[in-house]
Protein chains: 2
Amino acid sequence: MNDNGNPARFDDASAAEKPLTRIQKLNRRKILEAALEVFSANGFRGSTLDQIAAEAGLSKPNLLYYFPSKEAIHGELMIGLLDTWLAPLRAMNPQGDPRAEIMGYMRRKLEMSREMPRESRLFANEMLQGAPRMADDLGHDLKTLVDAKAQVIRDWIDAGQLAPVDPHHLIFSIWALTQHYADFEVQVRAVLGPETDPFEGAGQFLDMLFERLLAP
Amino acid sequence: MNDNGNPARFDDASAAEKPLTRIQKLNRRKILEAALEVFSANGFRGSTLDQIAAEAGLSKPNLLYYFPSKEAIHGELMIGLLDTWLAPLRAMNPQGDPRAEIMGYMRRKLEMSREMPRESRLFANEMLQGAPRMADDLGHDLKTLVDAKAQVIRDWIDAGQLAPVDPHHLIFSIWALTQHYADFEVQVRAVLGPETDPFEGAGQFLDMLFERLLAP
DNA sequence: ATGCAATCTGACCAGCTGGTCAGGGTCACG
DNA sequence: CGTGACCCTGACCAGCTGGTCAGATTGCAT
């Protein structure tokens, strides 16, 4: 047993990095999966450890054996989230064809809304509350990346390969249009009816929208 | 004192409709204003009566003198919200000029994001949680209105006055693009920096986007 | 097999939260 | 100026919530 009675889970240089046991890997995965489900549906404050424990099929004290607190579970989810979320933007290639790159980014982002709606809602929840647990990364990592990609887009525009649109707002529009289908899914489904797949129509609509917007 | 010890506040036909006193009007307004502030920032579950009471400058028991429960306060806010929110769509005139009507709707919606970000976030919070307190209205009122307006748009398209876009997704795109600036304000401001007014750039960008999208 | 670390649990706790209540102060109207 | 309805509060309560702990149980290396 180490100094706090919990298994090693810290990254700081001083702590010896014990490898996770089979059970640790399994249960930490179960907990994070359950936490994603619960936090994304109810927000941080609206979720309880009991709900997460039930969803994970573990007891509450056992949750707190693997994570020191509710905050820590949420934090662990947050750590990867921004990175995962921005990966498609990072993948936008300055050497590629401008329209294809932007359309590709939009399509990947829409795909993420379809495949990872819980992550999208977890992110949206955090933003709605003013991103209290993310503010640092927002001002730094996010702005740096977006500014860099905005410059790439500006260069494309200056080269006459794209219509002259504000690059920042272009990126915002991709975020808004794609994430809407995950975050406001209830509303979208209520309007379209239970038969229709929102993402099919969305894909066609967004293709057309960005084709028309970006043509020089 | 009436049967439940609280001032009359029900609309049902049976109850005699006592006019609100000066103090009742004042304090109910204070409470709802405070509740909007708190609920929109923290969600329903994340907000406490103590926070609302403090924000309103009243005591917690006094809050519960004017409203029977936390749910009731939230409900009162919700009642008007969907209507307020959809009013600009309702105002879209089938006899007007198609492009001008849709652009006008978009601009009014963007204006609402600027002027009423708290209402926008309250709405977004509700949607994110799956609209547990709104599901009925969603399936009924909302779908009816949107379907009607979608038909109007479809007629415009058939008359060759608009580009052939899916009317439902066109409406979704207006919602997504305008509400994003209220709901994800932290993110937008983090990227643009503290100097820039997001709504100025947004107005220009969205004008251009919808001009290009809608031209037949 | 044995012994130690890892894993797990029931019982418990303190603080918070929505809500109640008895009673005291205040307002408006005759 | 009196009086009844209206307005407000401190004190309180029960249930929930995040978190602790002593000890029981299990897994695993030798």
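It should be emphasised that the depicted structure is a prediction, and the values quoted were computed from it without experimental measurement. These values consider heavy atoms only, across backbone and side chains, with no hydrogens, waters or symmetry-generated copies.
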Write down the protein N/O and nucleotide N/O pairs, taken from nucleotides 24-30 of chain D, whose separation is under 3.5 Å; answer none if there are no such pairs.
from	atom 1	to	atom 2	distance (Å)
D/dC28	OP1	A/R22	NH2	3.1

(request) List in chain and number order the residues that pass salt bridge (charged side-chain N to carboxylate O under 4.0 Å, His left out) with A/R90, two or more places apart in sequence or in another chain; answer none if no residue qualifies. (result)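 Listed in chain order: A/D83.
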Measure from [atom1] on [X] to [atom2] on [N] and round the result to the nearest Å.
| X | N | atom1 | atom2 | value |
| --- | --- | --- | --- | --- |
| B/Y65 | D/dC7 | OH | C1' | 5 Å |
| A/F67 | C/dC8 | CZ | P | 13 Å |
| A/L26 | C/dA6 | CG | C1' | 14 Å |
| B/Q24 | C/dA28 | CD | P | 12 Å |
| B/N62 | C/dC21 | CG | C1' | 14 Å |
| A/R28 | C/dA6 | CZ | P | 15 Å |
| A/L63 | C/dT7 | CG | C1' | 14 Å |

Between the protein and nucleotides 13-19 of chain C, which nitrogen or oxygen pairs come in under 3.5 angstrom?
from	atom 1	to	atom 2	distance (Å)
C/dT17	OP1	A/R45	NH2	2.6
C/dG18	OP1	B/S47	O	3.2
C/dG18	OP1	B/K70	NZ	2.9
C/dG18	OP2	B/L49	N	2.8
C/dG18	N7	B/K60	NZ	2.9
C/dG19	OP2	B/K70	N	2.7
C/dG19	O6	B/K60	NZ	3.3

(request) For residues B/L63 and B/K70, determine if any side-chain heavy atom of one lies less than 4.5 Å from a side-chain heavy atom of the other. (result)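 They are not in side-chain contact.
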Could you check whether [X] pairs with [Y] (Lys NZ or Arg NE/NH1/NH2 to Asp/Glu carboxylate O, under 4.0 Å)?
| X | Y | answer |
| --- | --- | --- |
| B/R121 | B/E37 | no |
| A/D197 | A/R114 | yes |
| A/K149 | A/E101 | no |

(request) Would you indicate, yes or no, if D/dC8 has its OP1 or OP2 atom less than 4.0 angstrom from a side-chain nitrogen or oxygen of B/N27? (result)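 Result: yes.
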(request) Using a cut-off of strictly less than 4.0 Å, decide whether A/T21 has a side-chain nitrogen or oxygen near OP1 or OP2 of C/dT7. (result) yes
(request) Sequence neighbours left out, what passes ring pair (Phe, Tyr, Trp, His ring centres under 6.0 Å) with B/F39? Give chain and number order. (result) B/F44, B/H74
(request) With sequence neighbours excluded, give me every ring pair (Phe, Tyr, Trp, His ring centres under 6.0 Å) pair touching residues 177-206 of chain A. (result)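 Qualifying pairs: A/H180-A/F184, A/Y181-B/H169.
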(message) For a quick test of reading the model, state the closest non-hydrogen atom pair linking A/I73 to A/A35 and the distance between them.
(response) CG2-CB, 3.5 Å
(request) Determine which pairs satisfy salt bridge (Lys or Arg N to Asp or Glu O under 4.0 Å) with at least one residue from residues 39-56 of chain B, sequence neighbours left out, and list them in order. (result) none
(request) Check every atom of D/dC6, C/dT9, D/dC8 against the side chain of B/Y66 and return the nucleotide holding the closest atom. (result)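 From the listed options, D/dC8 comes nearest.
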